[in-house]
Protein chains: 2
Amino acid sequence: MLTKSSTELVRQRNSVLVLSVLRRHGQLAHTEISDFTGLSSATISAITTELEKAQIIEKSEQQAASGRGRPRVLLRQRRDCGYLIVVIISSDAVQYSLVDYAGKLIDRFSEERSHDPSGAGRFVQAVRTGLSRILDRSKISQEKVLLISISSKGLVNSTEPVLVWSPIFGSDQIDFESALRPEWQAKVILDNETLLVAAALGAREEIVKGADFRSLAALSLGHSIGLGIVRRGNETGQEVSAPNFGHMLHMAGGGLCRCGTRGCIEAYAGFYAILRSAFEVPLDTIPAKFVPVAELDKIAARARQGHRTSTFAFRQAGLALGNGLSRMLSLTERMPISITGPGTRYYDLLRQGIEEGLGQSHIVRMEGMPEIRVVPDEPILVFEGHLNRALSVIDQDIVISGVQGGE
Amino acid sequence: MLTKSSTELVRQRNSVLVLSVLRRHGQLAHTEISDFTGLSSATISAITTELEKAQIIEKSEQQAASGRGRPRVLLRQRRDCGYLIVVIISSDAVQYSLVDYAGKLIDRFSEERSHDPSGAGRFVQAVRTGLSRILDRSKISQEKVLLISISSKGLVNSTEPVLVWSPIFGSDQIDFESALRPEWQAKVILDNETLLVAAALGAREEIVKGADFRSLAALSLGHSIGLGIVRRGNETGQEVSAPNFGHMLHMAGGGLCRCGTRGCIEAYAGFYAILRSAFEVPLDTIPAKFVPVAELDKIAARARQGHRTSTFAFRQAGLALGNGLSRMLSLTERMPISITGPGTRYYDLLRQGIEEGLGQSHIVRMEGMPEIRVVPDEPILVFEGHLNRALSVIDQDIVISGVQGGE
DNA sequence: GATTATTTTCTCGACAGTCGAGAAATTTGA
DNA sequence: TCAAATTTCTCGACTGTCGAGAAAATAATC
């Protein structure tokens, strides 16, 4: 359904536009903003004075010497305009980061995670104390925290911050919104981890390719398997999604997965699955809860020396991934694939299987093999994705709610 | 990348909005347009007088008696504002329809299709003469034809009107844009047939559910298998896509498909595949080019009487469809599925397999079985989808290009 | 040191668009 | 014939963008 437009909406969108170029390029002068946005100088004046009055941006005292002429005055976000807390949940720890409005990291710590499975409720409690702790350490008042951005592996509700399914808690849903609302008035968003990786890669790619960028997928290999897809939207920036790829059906009636279903991709390509297959344990064995990476390294070493069942295990994993990717490509357009996560260290062993698995489908035979890149540093990408998404959400909210209220 | 907004853009969008409610509800009075759009009466006045001057809409002489008070004057599209030609390519015929700007069918005929496979070039030639013919018969000048909307089964380029792969011509690409450009200055669009079915169903659904509508998939069963997905977009109406579902990998190294690959869904669920499987022909047999429906009806009749291999054939087909749908659902959100096409007459035989195939995946076990509806009248939906899409494209183009030029 | 050239920022009036209020138009009912 | 009701139209206020040019501030030049 279409909806009506008004002149106020125009100002809102242009204000967000100004903030977004400021975010992308750091501090900028009046003229530069005008160049980047395509808006006239007069409009930039109007918008920036408004944003300055609302205490969202400020004039930087550091003058950029720009040859002769009136010196430029640089504008930048006010760091203390608001704060962001990033919570990254991984299988063995939870990392808390406090970030200011300009995207600068202020404080960070990690907390070990207890491995007891019973504790969805206890886990939420731990997150709440973690959040209090990072706030206390920084002496920032709670109202100044505008957004709490959480990420986890698993399946996430697309509209509300609810963890629908996760490798650790299974179908024990966690609703972060209602869990944090009593204490925090900040907005809470939750994203799948690999979605954030894809978002970060997409943002990088768009800087390089500009308007030529179309789409991209990120595949994360580890104990579990994640996939994120980012597509260029019409005008609303990029669209990202995190399908339930690890638990897509690879083979009906196949190996038993941690989720309880048979034949998921993860049941062939997850770390525990590779272990199981290398030791020729029956495929209906209940998977190990946790596999040390050292264990897999040993199998990989043997595979590299030509050991048959070890090689076979990685090959099976590759095939499952390749078949799955081909199915994903059948449902989307052709796009490059970036492989990331701890599993990238075995890419040499997985590669042949992946390519063969891809090649078994009509779409790949017709359009050719998609471009595959290996990008090992996943944690950096996750954090970068958090910042990209969270800060642009803050920009949006701040403009919609805060501009006229600032003075 | 975000892009700048201006007040002119606001007028453009609101004009398109006015045209779209006019299209949805037929002729409307000033006040009603105001109610439907949420725009103020003054704005409606401004926009409608502009559109009337540009000869896009007109006052209807038929006065709607509305009790006491000043009588309403109804506004409606001018039928002769422009015309649309709809070309529906199916496996045995090509249907041409001439439609006026108000969506009324003016003329229609079908032409048999020669089954010779060599003729991508000859086929394009046939389409060109078909288009000339429908224009000649109606005595409408060529410039008045604003859009030619074509549909076919197969894989379509998402940005240009290029048929990338089709059941009949294989990888012999057909670029309708360059084929028709010398004669026609009308815009040319090409969509996958099942995409249009999905679009039509989505539009119907949105009328019923309004803002509650989220997404929906249409599955077309026949000689080949098609899938269309429609999702509610942010504010830009609905987003539709037509994945290459029929040739998604069902089972690595499986039955030989018409496309030359092994193991496609179509190689299990297409009419030719059901035939092959019912007669226990080896799965690597080159598929029949064309299967009369009567032939399949016979198999279905036997299956309904309990004949084993016939039942098995339909069950295998259902499993392939169910597995494929579960994979699709793993990559999207949960959505209802409408099954359409000639294959719906065998739905009683397919159903169990489809449900079992769906149930083998994690996503369905977790979220439950998606709602499945059977909607047999596919041709009507295809045409309805054509009109929905084509006329809204025309509205958009007409507002962008034509409004100030009208006077 | 005064002047000129150059560059950036700011300001003003014109123009486009939406909205609310109320005037004008037109029919029904008393 | 007049009042009530309803729709359409019009006017002034407000918001927004833009182009042009004024104002500001520095570097180069004489």
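Within every chain, numbering begins at 1; the chains are lettered A, B, ... in the order of the sequence lines, protein sequences first and strands thereafter. Excluded from the calculations below are hydrogen atoms, water molecules and symmetry mates; all remaining heavy atoms, backbone and side chain alike, are included.
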* Asked: Is any side-chain nitrogen or oxygen of B:S45 closer than 4.0 Å to OP1 or OP2 of D:dC9?
  -> yes
* Asked: Mapping A:T49 and B:V10 onto DNA chain C by nearest heavy atom, which one lands closer to the 5' end?
  -> A:T49
* Could you tell me whether the side chains of A:S151 and A:H386 share a donor-acceptor contact shorter than 3.5 Å? => yes
* To do: For B:H30 and D:dT8, give me the distance from atom NE2 to atom C1', rounded to whole Å.
  => 6 Å
* Distance, rounded to the nearest Å, where A:L17 contributes CG and D:dG16 contributes P -> 16 Å
* To do: Would you kindly give the CZ-to-C1' distance between B:R68 and C:dA25, to the nearest whole Å?
  => 16 Å
* To do: Look at the side-chain N and O atoms of B:N14 and state whether any lies under 4.0 Å from the OP1 or OP2 oxygen of C:dT18.
  => yes
* To do: Rounded off to whole Å, could you give me the CZ-to-P distance for the A:R70 and D:dA24 pair?
  => 8 Å
* **Residue A:E8, side-chain heavy atoms: nucleotide from D:dC18, D:dT15, D:dA25 that is nearest** => D:dT15
* **Side-chain donor/acceptor contact of B:S41 with base of C:dC19 under 3.5 Å** => no
* Asked: Within the structure, does a side-chain N or O atom of B:R72 lie under 4.0 Å from either OP1 or OP2 of D:dT7?
  -> yes
* Please work out if B:I44 contacts a base, only the sugar-phosphate, or nothing of the nucleic acid, heavy-atom cut-off 4.0 Å. => nothing
* Asked: For A:R11 and D:dT17, is the shortest distance between a side-chain N/O and OP1 or OP2 below 4.0 Å?
  -> yes
* Report the distance from atom CD of A:Q12 to atom C1' of D:dT15, rounded to the nearest whole Å. => 13 Å
* Asked: With no hydrogens and no angle check, is any side-chain donor or acceptor of B:S215 less than 3.5 Å from a backbone partner on B:V230?
  -> no
* Asked: Is the shortest side-chain N/O distance from B:K4 to OP1 or OP2 of D:dC18 below 4.0 Å?
  -> yes
* Return the value, rounded to whole Å, for the distance between atom NZ of A:K59 and atom P of C:dT8. => 16 Å
* Asked: Rounded to the Å, how far apart are B:I47 CD1 and C:dT18 C1'?
  -> 9 Å
* Within the pair B:S40 and C:dC19, is there a side-chain N or O less than 4.0 Å away from OP1 or OP2? -> yes
* Asked: A:E32 CD to C:dT9 C1': how many Å, rounded?
  -> 13 Å
* Would you confirm whether A:R389, through its side chain, and A:S392, through its main-chain N or O, come within 3.5 Å as a donor-acceptor pair? => no
* To do: Would you tell me if any nitrogen or oxygen in the side chain of A:T31 comes within less than 4.0 Å of OP1 or OP2 on C:dT9?
  => yes
* Given A:E58, which of A:R76, A:K53, A:R79 fulfils the salt bridge (charged side-chain N to carboxylate O under 4.0 Å, His left out) condition? -> A:R76
* Note: A:R231-A:E333 ion pair, threshold 4.0 Å (strictly below) -> no
* Tell me what B:A29 touches on the nucleic acid: a base, only sugar-phosphate, or nothing, going by heavy atoms under 4.0 Å. => sugar-phosphate
